[in-house]
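Have a look at the structure below, then the notes.
Position 1 is the first residue of the sequence, and the numbers go up from there. Counting starts at 1 for both ligands and their atoms, following the listed order.
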Amino acid sequence: MDNDIEEILFDQASIHEAAHRLGQQITKEYTDSRPIVLSVLKGAYLWTADLLREVELQVELEFIKISSYHGGVESTNEISLVTDIHSNVKNRDVIILEDIVDTGQSLQFMKELLQERGANSIKVATLLDKKEGRKVDIKADYVGFDVRNEFVVGYGLDYKELYRNLPYVGILKPQIYEQ
Ligand code: 5GP
Ligand code: MG
Ligand code: MG
């Protein structure tokens, strides 16, 4: 697997530091609220595990699955809800956990869904923010790292469902796409 990687952008230690930094921030900002943490599958699975262990608060964990990317490296405009949550978000504070915000369309879809259901507040904690990729005007509230406009894999992020278990975030060698 490592042989397929051209460059490591964020290693395990720096991701851990980011999780610690954002975890402390969230701990301070949600002291009296018992938020619902909404982890977006599959990409956010490791980020959720690492970030939440740095949050020293009572939280409720939920998972949502949406589809946007269809296995390739290009984003699509069609977002659909694959697996919904079961808890009631009405009047609750929700923190969405994302692996990466690119066009912002997934986030917009989820924010609208939660707003329609009466959430009290909605914030977003993303490991990576690809600001240059934005197609809709939306911002993440907590950002681990800004990332340039390149396709990245690892630490939850896939290429054709592979590489999610790499412990770091990196860029694939071009010949992997060209195969
Ligand atoms: P959006 O374009 O809606 O902001 O992002 C949709 C989803 O596309 C992200 O949550 C992520 O799963 C995937 N995505 C966006 N950019 C990348 C990337 O550089 N690498 C990988 N593996 N997935 C990405
Ligand atoms: Mg995602
Ligand atoms: Mg994907």
Answer yes or no: are there more than 12 heavy-atom neighbours, outside Asn149 itself, under 6.0 Å from its atom CG?
yes

Applying a heavy-atom cut-off of 4.0 Å, say which part of Asp99 lies close to ligand 1: side chain, backbone, both or neither.
side chain

Paired with Glu54, the side chain to side chain donor-acceptor pair (under 3.5 Å) test is passed by just one of Gln25, His16, Arg21, namely His16

Can Ser106 be said to touch ligand 1, with heavy atoms closer than 4.0 Å?
yes

For the side chain to side chain contact (heavy atoms under 4.5 Å, CB included) test, which of Lys139, Glu98, Arg134 pairs with Asp129?
Arg134

I want to check something: taking the side chain as every heavy atom from C-beta on, are Leu38 and Leu114 in contact at a cut-off of under 4.5 Å?
yes

Under 4.0 Å between a side-chain nitrogen and a carboxylate oxygen: does that hold for Asp84 and Arg117?
yes

So does Glu161 have any N/O/S atom less than 2.8 Å away from the Mg ion (ligand 3)?
no

What N/O/S atom of Glu98 is the closest to the Mg ion (ligand 2)?
OE1

With a cut-off of 4.0 Å, which atoms of ligand 1 are near a heavy atom of Thr103?
1 (P), 2 (O), 3 (O), 4 (O)

Heavy-atom gap Tyr159 to ligand 1 smaller than 4.0 Å
no

The atoms of ligand 1 lying under 4.0 Å from a heavy atom of Asp158, numbered in the order shown, are 21 (C), 22 (N)

Within less than 4.0 angstrom of ligand 1, does Ile100 place any heavy atom?
yes

Counting only nitrogen or oxygen atoms and a 3.5 angstrom limit, does Leu107 reach ligand 1?
no

If I consider every N, O or S atom in Asp158, which one ends up closest to the Mg ion (ligand 3)? I only need its name.
OD1

Is there a chain of hydrophobic side chains (I, L, V, M, F, W, Y, each step under 4.5 Å between heavy atoms) that links Val169 to Leu51?
yes

Counting only heavy atoms not in Gln58, do more than 12 sit closer than 6.0 Å to its CD atom?
no

Where's the contact between Glu150 and ligand 1, heavy-atom distance under 4.0 Å: side chain, backbone, both or neither?
backbone

Verify the neighbour count for atom CZ of Arg34: are there more than 12 heavy atoms of other residues, nucleotides or ligands below 6.0 Å?
no

So if I count the atoms of ligand 1 from 1 in the order they appear, which ones are less than 4.0 Å from some heavy atom of Glu98?
10 (O)

